[in-house]
*Asks:* 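Provided herewith is a single structure, encoded as structure tokens, for subsequent inquiry.
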Amino acid sequence: MSKETFIKTLTQISEHATEQGIIYLNTDDDTLSGNTISVDHKQIINFGSCSYLGLEFDERVKSGAINAIQAYGTQFSCSRAYISARYYKELEDKLELIFGAPTISTPTTTLGHMSAIPVLVSPADAVILDHQVHSSVQTAVSVAKAQRTHVELMRHNRMDLLEERILALKDKHEKVWYMADGIYSMFGDAAPLVEIRNLLDKYPHFHFYVDDAHGMSVFGKNGRGYVLSKIEMHERMIVATSFAKGFGTGGGALVFPNRKLANTVMDCGGTLRASGPMQPAALGAAIASADIHLSNDITIFQDQLQENIRYANLALKKLGLPNLAHPFSPIFFIAVSLPKIAYRILNGLKNDGFFLNLGIFPAVPIKNTGIRFTITRLHTFEQIDAMINCLKKHFDQTLIAENLTTNEILKWFKTKPLDFNASSTETNQPKEQQNLNVQLEDSILAIDKKDWNRFFAEKGSFDWANMRMYEEAFNDNEKEHENWKFKYLIIRDNNKSIVLATFFTVFISKDDMLAPKEISSEIEALRVKNPTYMTSKTLSLGSPITEGEHLYLDQNSSYKQKALSLLIKTINTIQEQENITTTILRDFQNNDKVMDSFFVDNGFFKLEMPESAKIKNTVWVDKDHFYQNLSKKKKGHFRRNINKHIDKYSVNIVDNPTEEELKHFYELYKNVKNKSLELNTFRLPYKLFRKIVTNPNWEIIALSLKGEYCTSNVEKTVAVGFCNKSTLTYSFVFVGLDYNYNFEHGCYRQLLFQVIKRAGILSCKNIDLGFTSLMEKRHFGAKPYQACAYMQVNDNFKMESLEVMTLDTKKNDNGINKRGVFSI
Amino acid sequence: MELTKEEFSLFSLKSKIQLIEKDGDFIARRVCEDLYLISLYSIYGFFIETIYDISHFKTLSITPIINLEIAELYDFNYNMEDAANLQLHYYQS
């Protein structure tokens, strides 16, 4: 996913969730005193607070802030490098007692990361980021990446992979850092700290940087956090933490194994030295909170919170709600799969007086959306009971309305809650989609030829005969990625009228298909040894080699909406059967708000496809007529680049090439393919081209350069186009070129002209010239057409790995890519 | 939510008091050696006894009853008004 698409996707999700009244809410209370808040003038109980111990309402903490303001005013505005308010020293002394190690307090945890990481990590080091480490750590690491530190993204909590990577990196890098969270913010699970500690003991190169924001105050002696409750401070470990959650005040802290390292970060950490300090109110409150942490009260508060957590876990289990969070943490995550389900449940809860959060992309994959809520010490059992009963009510109602079961939802998460038995609690039995008949076939042979061609003969190169040809070509090949599966879906109403028809392809795709070519180039080098590196099992509506409207939907049918729901159900079924990671529904009109909304609700995000070039309603008389109809600028181009070279070529429509000729054409195709890293796909098998030459709907335009222009003085085919023809449309589908002659003799441009000419001679009114080289095609009067696709990725890891790689595309002075970013 | 005896026993004394306030039904009360007020409650389909230290105004324990014959120890004609007042006092402490 490109940065642009990522931003568009997030904007789309945010706008949708805002419209639904789920996010960007504001309280309208004049005062707050507990866990009840007022939103839109309605009292609701807050189950979204990360202030797990409710210390923000503790009179001692409030007085601490007020007294500090009375004494020092609202701010003490000076860099800490010059002078700090006296509260800093008092706070940091108390923090050292809490953590048992040298501590620096920071205005926020994020600023703490921004100070520490660029100082601690050198260009000679390697950093391994846990896939789910908080984004603020990843942001700080991007500063280290700018200084050319090697960075890797590792699948969540995979200690086996971590050790493997430490071994691989330790001899090439001075230090190998692993960066993780103590308690993860979405599923409330924890880093495997004992294993990490063992690795610290085992490998002297290994260093550990951990963000324990959600563990602070909730766990450990004096509330020192989850990490330090499980393992002692290690000489190669840094703990970053937050005061903005359980601590109840705002701010953060960095805990170091020794004073020297703390001083180094203090002296060199840019945001510590140069950014504004914590202000008196936060410092005063933090000192008071630290005092509570150093008293017996903290244990009482921790115990009270754990009782509430225990109660909530029991309630969720008894009601059969699929809670995926870990049982010890105050964070809960109810699996619901699709954003639309979460919106509906959250709105129901809000209307009934409960505020909960949304767990959605990019924090989790889009189809792993969930209801996230937190339990604090301030909740009562009555409140927890009431909220969970209400959650159960809306969960069941929504699943019935959406025709889903809990087990179906859990399939998308590839995990189940502990001791969970959905079947015993399943009150949400799906209703059958009535009045519609679904036909899903594995071969076009099972589909009526007339029916199929009625909808698709003029839509692109996927009429009945073409589909049969693709089935034969992408079958029984030696290489796994050359074997595709085709699925045909026909949905009929009671009158046997077709309401929806389409086809899908299941194939292996390259994850870097749309990545910058520098990235693809490096990944291709790794694929030499490991051909499946960064590849995914993909389900596509349509296929990777066809273009056009692959979905027929009867817009006048009263069953249109039901048919679309069945389309989604069918996609879900295929995804499950084929273990699909990426799904792409392509070639949709780019301005269809109804479709946008439908697919986004069903867990897809929209992306714009590359523009494709088309010439519509063309009439061919002859070359002169074509020339006269070009604009002045295009005429110039035609004279300089087409007419000048036109006599150098002999043009042949090859119906039945010899094996030798076809092999040569295939070599020309491979030349183009090898250079097309901008759209990095697998090379098509030779078998496809052998099938094409026997298919009457296809023809080959071969351009041979006359002998006097060739180095061998022998006429040679230097450009070839594989074209599909129907009654109205001529499609330029595959191209082959000899680049040795392209620059001097313009063979690609010549081929484009010959394709247009041929289409005209065959009286085809529409010419599809395909993606890429848009500028070249525009010179011939082609216009760009922008279609859109809807995409669903069930595993964010690869997508984010590519993002990490893309962000790090730097070149040194020699133009050589110096990145060192790979996913593991 | 209804808890089993085992689940109820997992909670701290303070939480058990909260659960009784929320879901329990007072049945009877007896005084033991003028020192302890022992109350019988029904909750989630089982019975529990609470032992309250009268002189220290403190609840000492809350435990599910296993042997139902213990009910014979209670005077079910105990003045319910007094019991209600005591109960209030007991929660406030």
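Just so it is clear, the values below take in all heavy atoms, side chains as well, and ignore hydrogens, waters and symmetry mates. Everything numeric here is computed off the predicted structure, so don't read it as measured data. In the text below, chain A, chain B and the rest are named by the order of the sequence lines, each starting its count at 1.
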*Asks:* Would a 4.5 Å heavy-atom cut-off, applied to side chains only, mark Ile388(A) and Met1(B) as touching?
*Replies:* no
*Asks:* Measure the shortest side-chain to side-chain distance between Tyr311(A) and Ser15(B) over non-hydrogen atoms and say whether it is less than 4.5 angstrom.
*Replies:* no
*Asks:* If you count every heavy atom of other residues, nucleotides or ligands that lies below 6.0 Å from Lys230(A) atom NZ, does the total exceed 12?
*Replies:* no
*Asks:* To the closest 0.5 Å, what do you measure between CG (Leu314(A)) and OG1 (Thr4(B))?
*Replies:* 8.0 Å
*Asks:* Would you mind checking if Glu307(A) and Lys16(B) are paired as a salt bridge, meaning a charged N to carboxylate O distance below 4.0 Å?
*Replies:* no
*Asks:* Check whether Gln304(A) gets within reach of chain B through its side chain, its backbone, both or neither, counting any heavy atom under 4.5 Å.
*Replies:* side chain
*Asks:* State whether Lys14(B) and Asp303(A) are salt-bridged, where the test is any N-O pair (Lys NZ or Arg NE/NH1/NH2 against Asp/Glu carboxylate O) under 4.0 Å.
*Replies:* no
*Asks:* Quick check: do Glu2(B) and Lys318(A) have side-chain heavy atoms less than 4.5 Å from each other?
*Replies:* no
*Asks:* Just wondering, more than 12 heavy atoms not from Lys22(B) lying within 6.0 Å of its NZ?
*Replies:* yes
*Asks:* List the steps, then state whether side-chain contact (heavy atoms from CB on, under 4.5 Å) holds for Glu7(B) with Arg310(A).
*Replies:* CA-CA 10 Å; Glu7(B) 288 163 350; Arg310(A) 188 200 316 280; over 6 Å; no
